[in-house]
Amino acid sequence: MKHSCNTAVIFEMNLINTYKYTQEEQLIMYAYIDEYESFMTNVGHKASNTVESYKRDITHYITYLSTVGTDVCEATKTNVLSYLLSLQKQGRATSTVSRTLASIRSYYVFMVKNGNAAFDPTLNLEAPHVEKKLPRILTSREVNMLMEQPKCSGAKGCRDKAMLELLYATGIRVSELISLNVSDVNIERSLLTTSNGKRERIIPIGHKAVKALVDYLERARCKLLKDKDEDALFLNCNGARMSRQGFWKVIKHYQQTSGIKTEITPHILRHSFAAHLIENGADLGSVQEMMGHADISSTQVYSKLMTSKIQDVYAKAHPRA
């Protein structure tokens, strides 16, 4: 096994150093963490934020094992349960404990697969039950207010309007939005092709989003374009692909100018897309397909949201509620 240590694991190194591992054991831990990161990225195809969360979880787990004198490769189910219990005693949220178990389980899959551990102590361990919170959404009126903010008097305004309209029209993730290329949009058929890295899906585009896209492609993108070989659909003012951070600034700017008090994020627009579809009669299977959910239980939360909304309306409006 190649023992490497790069800047990505400086935090892990410093944390592990404060505990009881010998220098040789520390080098092995560094290598495990480094290789685990590569495993999650290249084999597990995890998003960068997920990789960082998992690395952080595993680092804290390893340091906990050090304090009780247990090697990570020899940890038992009791060790894992004790660690999860310690997190609960610290007042960590159930969702955090559940995610930590997912991180540890993923880590041992890697360790056993690579022959670094003889067995997986997380087998048959159940994650704590997490009550799914109902997502926050915008009202149809708030969506309309937001969409009215960008003005197409310049290239930037046309681009911003097209991005906002497309995000709400399709429910795609912000990572998928900024990854779009010009060839991913079929204006004639009003269709969008996108991928989350695991599977490709085709989503219809509403006429308002199509109009905003046509305006952007015909009047604005050519003004932002610096390199004729650039394929990115949405460009920043330097002619490069729009970044996630750049789009966050865009959406926050228009929230402020709209006067909407509800927090607006790209994911809240995604939630609003799904909830409004179901509110207007769309079936769960179709919404699941458009959202790219692997499990329909992820889509069913929007039905619960609508039920909660109906109950709230009833409680407020019925004279004998």
Side-chain angles (χ1 to χ4, degrees), residues 8 37-38 40-52 146-147 149-254 264-270 272-274 289-294:
E37 177 183 13
S38 177
M40 286 192 293
T41 302
N42 301 320
V43 180
H45 303 293
K46 301 290 186 183
S48 58
N49 288 344
T50 302
V51 171
E52 289 304 315
L146 180 66
M147 298 303 163
Q149 296 311 304
K151 308 303 179 187
C152 287
S153 54
K156 184 177 178 299
C158 279
R159 179 205 64 195
D160 295 349
K161 184 170 182 62
M163 294 186 81
L164 289 174
E165 289 281 6
L166 192 62
L167 195 66
Y168 176 65
T170 60
I172 58 177
R173 302 170 180 87
V174 64
S175 57
E176 295 169 332
L177 179 74
I178 62 174
S179 297
L180 289 173
N181 292 325
V182 175
S183 59
D184 293 326
V185 178
N186 188 323
I187 296 295
E188 291 73 20
R189 299 183 63 191
S190 299
L191 293 174
L192 171 75
T193 302
T194 187
S195 170
N196 64 1
K198 297 179 181 178
R199 58 191 292 263
E200 186 178 87
R201 62 193 194 280
I202 299 174
I203 310 170
I205 311 173
H207 71 277
K208 290 186 178 180
V210 169
K211 181 181 184 305
L213 274 170
V214 170
D215 285 346
Y216 166 67
L217 289 170
E218 292 183 352
R219 299 170 46 201
R221 187 177 181 274
C222 56
K223 296 178 181 177
L224 297 170
L225 189 65
K226 300 290 192 294
D227 180 355
K228 62 181 180 62
D229 294 324
E230 175 60 66
D231 295 327
L233 177 60
F234 294 114
L235 307 174
N236 61 26
C237 293
N238 295 319
R241 185 181 296 274
M242 171 69 77
S243 67
R244 179 191 292 262
Q245 294 80 4
F247 183 65
W248 269 80
K249 291 178 182 178
V250 166
I251 206 167
K252 289 301 179 185
H253 168 72
Y254 291 119
I264 304 178
T265 67
H267 220 65
I268 284 178
L269 273 181
R270 175 172 159 83
S272 302
F273 159 83
E289 180 65 25
M290 286 184 280
M291 294 285 281
H293 287 156

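- Put simply, CD1 on Ile202 and OG1 on Thr170 are 13.5 Å apart, with the number rounded to the nearest 0.5 Å.
- In terms of modelled atom types and a separation under 3.5 Å, the side chain of Glu230 and the main chain of Asp227 share no donor-acceptor contact.
- Among all heavy-atom pairs drawn from Phe273 and Tyr168, the shortest one is CD1-O, 3.1 Å.
- In this structure, NZ on Lys226 lies 8.5 Å from CG on Leu235, to the nearest 0.5 angstrom.
- Around NZ of Lys252, the count of heavy atoms belonging to other residues, nucleotides or ligands within 6.0 Å exceeds 12.
- Between Asn236 and Ser243, the closest side-chain pair of non-hydrogen atoms is not below 4.5 Å.
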Side chain to side chain contact (heavy atoms under 4.5 Å, CB included) between Asn186 and Ile205, intermediate numbers included
CA-CA 9 Å; Asn186 188 323; Ile205 311 173; over 6 Å; no
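- When the side-chain hydrogen bond (donor to acceptor under 3.5 Å, both in side chains) test is applied to Ser38, the partners found at least two apart in sequence or on another chain are Asn42.
- Remark: Arg159 CZ to Lys156 NZ distance equals 5.5 Å, nearest 0.5 Å.
- You'll find the side chain of Ser183 stays beyond 4.5 Å of the side chain of Asp231, heavy atoms only.
- Nearest heavy-atom pair, Lys228 versus Leu225, reported as atom, atom and distance to 0.1 Å: CA-CD2, 4.1 Å.
- A 4.5 Å side-chain heavy-atom check between Val182 and Leu233 finds at least one atom pair inside the cut-off.
- With a 4.5 Å cut-off on side-chain heavy atoms, Leu146 and Leu269 count as touching.
- Taking each heavy atom of Tyr216 and Phe234 in turn, the nearest pair found is OH-CA, 3.4 Å.
- In this structure, Arg201 CZ and Ile172 CD1 are separated by 7.5 Å, a value rounded to the nearest 0.5 Å.
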Where do Arg244 and Ser175 land on the side chain to side chain contact (heavy atoms under 4.5 Å, CB included) test, with the steps shown first?
CA-CA 7 Å; Arg244 179 191 292 262; Ser175 57; 3.5 Å; yes
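- In this structure the side chain of Phe247 reaches within 4.5 angstrom of the side chain of Leu164, judged on heavy atoms.
- Closest approach of Ala232 to Arg221, counting heavy atoms only: O-NH2, 2.7 Å.
- Nearest approach of Lys161 to Cys152, heavy atoms of both residues: CD-SG, 4.0 Å.
- Under the 3.5 Å distance criterion, the side-chain polar atoms of Arg270 are matched with a main-chain donor or acceptor of Met291.
- Taking CG from Asp184 and OG1 from Thr193, the interatomic distance works out to 6.0 Å, rounded to the nearest 0.5 Å.
- In this structure, CD1 in Ile178 is found 9.0 Å from CE in Met242, a value given to the nearest 0.5 Å.
- Checked options Val210, Leu180, Ile203; the residue passing with Leu166 is Leu180 (criterion: side-chain contact (heavy atoms from CB on, under 4.5 Å)).
- Minimum heavy-atom separation, Ala212 to Glu165: CB-CG, 4.0 Å.
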